[in-house]
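Report on the following structure.
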Amino acid sequence: MKVITVCGSLKFKDEMMKVAGQMELAGNVILIPIFPINDDKDAFTEEELNMLGKMHKEKIKLSDAILVVNVNGYIGTSTKSEIEFAKSLNKEIIYYTDLIETK
């Protein structure tokens, strides 16, 4: 069993939730980002977004690995930063596209 934090663009929220469920059913503990309830990125203030970003990095610290949901190969600036942060902590990096190809 691994503890895995899901990372990716909020535009892939549905894919992130689907893969999180699949990974939990495979016996992993999954940590996910907080999503705006109404899909409106402006639902959070700048201060709240900064706090959520810091909390997400704490989730990465707690994890054995991160799972990067990169639909069509897209990885945005925030996700790139999370990947670099995970690498700096010697965390395993799992890419969603790799999971699709191995099934």
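Using a cut-off of 4.0 Å between Lys/Arg side-chain N and Asp/Glu carboxylate O, E58 and K61 are scored as salt-bridged.
Distance check, rounded to the nearest 0.5 Å: CG of L31 to CD1 of I66 gives 12.0 Å. The distance from atom NZ of K57 to atom NZ of K54, rounded to the nearest 0.5 Å, is 10.5 Å. Rounding to the nearest 0.5 Å gives a distance of 9.5 Å between CD of E24 and CD1 of I4. Here CG of L49 is found 12.0 Å from CD1 of I34. Values are rounded to the nearest 0.5 Å. One finds the CZ atom of F85 at 6.5 Å from the CD1 atom of I60 (value rounded to the nearest 0.5 Å). Here the NZ atom belonging to K59 is positioned 6.0 Å from the CE atom belonging to M55, to the nearest 0.5 angstrom.
The minimum heavy-atom distance linking E82 with C7 is given by the pair OE1-CB, 3.2 Å. Of all heavy-atom pairs between M1 and G27, the closest is CG-O, 3.1 Å. Nearest heavy atoms, S9 versus M16: O-SD, 3.4 Å. When all heavy atoms of N70 and Y96 are compared, the pair lying nearest together is OD1-N, 3.5 Å. Taking all atoms of both residues into account, the shortest heavy-atom contact from M23 to N28 is O-ND2, 3.0 Å.
At a threshold of 4.5 Å between side-chain heavy atoms, the hydrophobic network of Ile, Leu, Val, Met, Phe, Trp and Tyr places V19 and L10 in one connected group. Placement of I93 and L89 within a single hydrophobic cluster is found when ILVMFWY residues are connected by side-chain heavy-atom separations under 4.5 Å, directly or transitively.
Side chains of T79 and V68 form a contact here, defined as non-hydrogen atoms less than 4.5 Å apart. Looking at heavy atoms from C-beta onward, M17 lies out of side-chain contact with D14 at the 4.5 angstrom threshold.
Heavy-atom neighbours of K2 NZ from other residues, nucleotides or ligands within 6.0 Å: at or below the threshold of 12.
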Item to check | side-chain contact (heavy atoms from CB on, under 4.5 Å) between L67 and T5, intermediate numbers included | outcome: CA-CA 6 Å; L67 171 60; T5 297; over 6 Å; no
